[in-house]
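Here, residue 1 is the first one in the sequence, and each next residue gets the next number. Fair warning: this is a prediction, and the values are worked out from it, not measured in the lab.
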Amino acid sequence: MLEMKKQMSNIRVRFAPSPTGDLHIGGIRTALFNWLFARNKNGKFILRIEDTDEVRSTEKSLKVILEAMKWLKLNWDEGPEKENSKYSPYYQMKRKEQGIYRKYADELISRGLAYSCYCTSEEVDEMRKKAQANKLPPKYDNRCRNLTPEQRRQKETDGKNAVVRFKMSGTGTIVLNDLVRGRIEFNNSLLDDFVIIKTGNVPTYNFACVIDDHLMEMTHVLRGDDHLSNTPRQMHIYNALGWEMPQFAHMAMILGSDGTRLSKRHGHMSVLEYRKEGYLNEALINYLALLGWSTEDSQQIFTIEELVQKFSTEKCGVSPSAFDHAKLLWLNGEKIRSKTSGQIYELFVDWVKYTSNEKLIENWDIELLKKIIVLERDKIKLLKDIPSLVDFFFTKDIEYKEEAVVKTFLSDGSRENAKLVLTESAVRLQNQHDFSSKALEHYARKLATEKAIRTGQVFHPIRVAISGRTQGPSLFHMMELMGKDEVVRRINTAISKFFK
């Protein structure tokens with residue numbers, strides 16, 4: 001048992017995003033699965049920044065990645081802001097500056113397992129076009145593989161820029177035992193001599209991630225199945241350098257509702273856009289966990305602690321998952337409803353600050369808002385819903401909805417009744433000693449009986465008069481929270497506006 005715990009604590013996994021744009025759903029799902037795997041096994045979760053795309057990598061994108069990870073509380077044990085001298089730096093360009101990648105490329109060259117290639121990108125494109133025209137795999141034709149030392153010196157004298165290519169075996173297969181997909185065989189004849197070092201000594205993705213994963217002692221690599229085609233190349237590099245491979249797990253792709261790759265046309269947003277929309281971080285985490293993973297009892301709603309306890313790669317599926325915005329919205333509403341009014345208020349204030357909407361609530365009565373949230377909890381699906389549900393409580397100038405006014409105050413069948421109810425209520429409610437919701441309901445029902453009208457003919461005019469709308473919280477709880485003076489004032493305002 002002691003040995004097993006020791007082995008589990010040595011587990012190391014990583015999330016390695018590229019700071020070339022916003023962090024999206026597919027990327028954060030990968031981060032989540034790695035984080036859950038590490039936490040489940042008492043291992044380490046590492047954040048590494050793969051910034052070798054010098055043209056597209058930006059400081060802004062890096063900040064978005066770090067902010068999104070922090071918002072979702074996917075805390076990393078090592079990485080930016082949490083350096084470990086044994087494994088740092090955690091930025092690939094900083095590692096490149098230290099000569100880490102070139103060191104291993106030169107080792108492969110010295111052992112005859114890699115070579116300098118002087119072909120231009122245009123020449124390589126032409127090779128591939130010719131191969132396709134001959135119905136062959138579109139590969140580099142290895143023309144620089146066997147250049148003599150004299151020929152190489154001449155290329156360099158001529159000022160030819162060189163990349164470094166890995167010398168691929170053209171026969172046989174390489175086998176991956178994937179933790180999710182099982183045994184997969186790759187045909188080596190379909191792989192060409194691929195580039196591992198670009199001009200400027202910049203490593204390619206396949207080379208850099210192998211070097212970094214080995215030096216950072218990664219035990220497992222959990223990633224999307226869009227990386228499956230990269231895996232045989234990486235496995236060959238591991239074998240060439242004589243290194244033990246991590247265990248690989250390739251998770252099923254996330255698709256749009258129409259079965260195609262998730263994109264902006266499906267309403268696909270960056271992670272922080274979900275925060276701006278008013279989603280809870282725990283709701284997004286819960287939903288993402290369900291995309292490609294499930295429990296035997298098909299549980300849908302989880303706490304973070306439950307996800308950590310129950311997660312395993314054995315329960316990850318191989319079929320693509322469809323991103324369902326309606327389900328995410330439902331789940332967000334469920335998470336909100338599970339909170340106390342005080343917790344919802346705190347979450348709402350955080351959202352207001354994040355979206356720079358402080359002016360929206362600067363004159364709101366905080367204690368009143370907390371009480372109103374209790375009334376409207378079941379209607380809140382997103383934090384951004386709250387203002388439109390409660391704002392009429394905090395204004396002196398009511399915005400009357402046109403449809404509500406026409407239906408309740410202006411139509412021939414309701415006008416005289418509404419005038420009667422509001423006129424009577426303006427006087428009687430001023431003298432109403434008990435302004436509790438129970439007493440107010442008794443008042444309204446008594447008025448309906450006295451005037452021989454339906455209860456709705458009392459309820460509706462009062463609701464529109466004090467809120468400007470036909471829908472909202474329980475009428476009598478709403479009146480109780482507003483208080484006698486405000487309710488009477490609003491009723492008199494409606495009388496002056498619509499019945500004089």
Side-chain angles (χ1 to χ4, degrees), residues 13-41 43-50 60-82 90 222-224 251 254 262 267-293 299-311 316 321 323-325 327-336 338-339 343-344 346-355 381-384:
V13 295
R14 48 75 169 175
F15 174 52
S18 175
T20 55
D22 290 341
L23 187 58
H24 288 89
I25 290 300
I28 209 64
R29 196 274 304 263
T30 297
L32 172 62
F33 280 22
N34 277 278
W35 184 86
L36 290 173
F37 186 82
R39 296 294 174 259
N40 174 269
K41 298 186 179 300
K44 298 292 186 182
F45 173 63
I46 290 85
L47 177 62
R48 186 174 73 223
I49 306 301
E50 299 192 341
K60 179 181 177 181
S61 292
L62 173 61
K63 289 180 179 179
V64 167
I65 290 170
L66 299 181
E67 182 182 344
M69 294 285 285
K70 290 174 182 177
W71 174 58
L72 293 172
K73 298 184 179 179
L74 298 179
N75 54 307
W76 56 96
D77 302 296
E78 299 169 22
E81 302 173 2
K82 294 184 180 181
Y90 294 90
L222 281 62
R223 58 191 182 187
M251 298 163 290
I254 302 173
L262 198 62
H268 184 36
M269 303 182 292
S270 70
V271 171
L272 292 179
E273 284 297 318
Y274 288 95
R275 185 179 186 184
K276 290 179 182 178
E277 285 292 295
Y279 286 92
L280 304 193
N281 52 9
E282 61 190 272
L284 188 57
I285 287 289
N286 189 155
Y287 181 66
L288 290 176
L290 301 175
L291 296 177
W293 173 83
Q299 182 178 345
Q300 297 294 299
I301 300 177
F302 296 85
T303 64
I304 299 298
E305 293 73 20
E306 286 176 321
L307 287 173
V308 169
Q309 179 186 2
K310 297 185 177 185
F311 183 82
C316 292
S321 300
F323 191 87
D324 185 345
H325 284 274
K327 185 172 181 179
L328 172 59
L329 188 61
W330 165 80
L331 187 55
N332 200 64
E334 291 294 309
K335 291 289 186 179
I336 289 175
S338 71
K339 307 294 183 184
Q343 289 171 327
I344 297 173
E346 294 296 336
L347 289 166
F348 174 62
V349 170
D350 286 344
W351 175 83
V352 166
K353 292 178 179 177
Y354 180 72
T355 55
K381 294 182 179 179
L382 298 167
L383 294 175
K384 75 172 185 179

Pairwise distance [atom1]([X]) to [atom2]([Y]) - rounded to 0.5 angstrom:
| X | Y | atom1 | atom2 | answer |
| --- | --- | --- | --- | --- |
| Gln309 | Leu307 | CD | CG | 10.0 Å |
| Asp350 | Lys353 | CG | NZ | 6.5 Å |
| Leu331 | Glu334 | CG | CD | 7.5 Å |
| Leu62 | Leu23 | CG | CG | 11.0 Å |
| Leu32 | Arg39 | CG | CZ | 11.5 Å |
| Tyr287 | His325 | OH | NE2 | 8.0 Å |

Would you check if [X] and [Y] make a side-chain contact, meaning some heavy-atom pair closer than 4.5 Å?
| X | Y | answer |
| --- | --- | --- |
| Leu329 | Tyr279 | yes |
| Phe302 | Ile285 | no |
| Val64 | Ser270 | no |
| Trp76 | Asn34 | no |
| Leu74 | Phe15 | no |
| Phe45 | Val13 | yes |
| Lys339 | Leu280 | yes |
| Lys276 | Met269 | no |

Distance-only, no hydrogens or angles: does the [X] side chain make a donor-acceptor pair with backbone N or O of [Y] under 3.5 Å?
| X | Y | value |
| --- | --- | --- |
| Asn40 | Val308 | yes |
| Asn281 | Trp71 | yes |
| Gln299 | Ile301 | yes |
| His24 | Asp22 | yes |

Review point. Of Glu50, Arg14, Arg48, Glu78, which is the lone residue that meets side chain to side chain donor-acceptor pair (under 3.5 Å) with Tyr90?
Key: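 In the set Glu50, Arg14, Arg48, Glu78, the residue that makes a side chain to side chain donor-acceptor pair (under 3.5 Å) with Tyr90 is Glu78.
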Identify the heavy atoms of [X] and [Y] that sit nearest to each other, and give their distance.
| X | Y | result |
| --- | --- | --- |
| Ala68 | Leu272 | CA-CD2, 3.8 Å |
| Gln300 | Asn286 | O-ND2, 3.0 Å |
| Thr20 | Ser61 | C-OG, 3.7 Å |
| Leu47 | Pro17 | CD1-CD, 3.7 Å |
| Leu284 | Leu72 | CD2-CD2, 4.1 Å |
| Glu277 | Leu382 | O-CB, 3.6 Å |

Exercise for review: Please list, chain by chain and in numerical order, all residues satisfying salt bridge (charged side-chain N to carboxylate O under 4.0 Å, His left out) with Lys82, sequence neighbours excluded.
Suggested key: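 In terms of salt bridge (charged side-chain N to carboxylate O under 4.0 Å, His left out), with neighbours along the sequence ignored, Lys82 is linked to no residue.
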Check your understanding: According to the interplanar angle, ranging from 0 to 90°, do the rings of Trp351 and Phe348 count as parallel (below 30°), tilted (30 to 60°) or perpendicular (above 60°)?
Key ->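 The rings of Trp351 and Phe348 lie parallel, inter-plane angle below 30°.
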**Study point:** Over 12 non-hydrogen atoms of neighbours within 6.0 angstrom of NZ in Lys381
**Key:**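 Not more than 12 within 6.0 Å, no.
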Review point. Would a line drawn from the ring center of Phe311 to the ring center of Trp293 be shorter than 6.0 Å?
Key: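 When the ring centroids of Phe311 and Trp293 are compared, they turn out to be within the sub-6.0 Å range.
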Exercise for review: Could you tell me which residues satisfy side chain to side chain contact (heavy atoms under 4.5 Å, CB included) with Ser321, sequence neighbours excluded, listed by chain and number?
Suggested key: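 Ser321: side chain to side chain contact (heavy atoms under 4.5 Å, CB included) contacts with Leu291.
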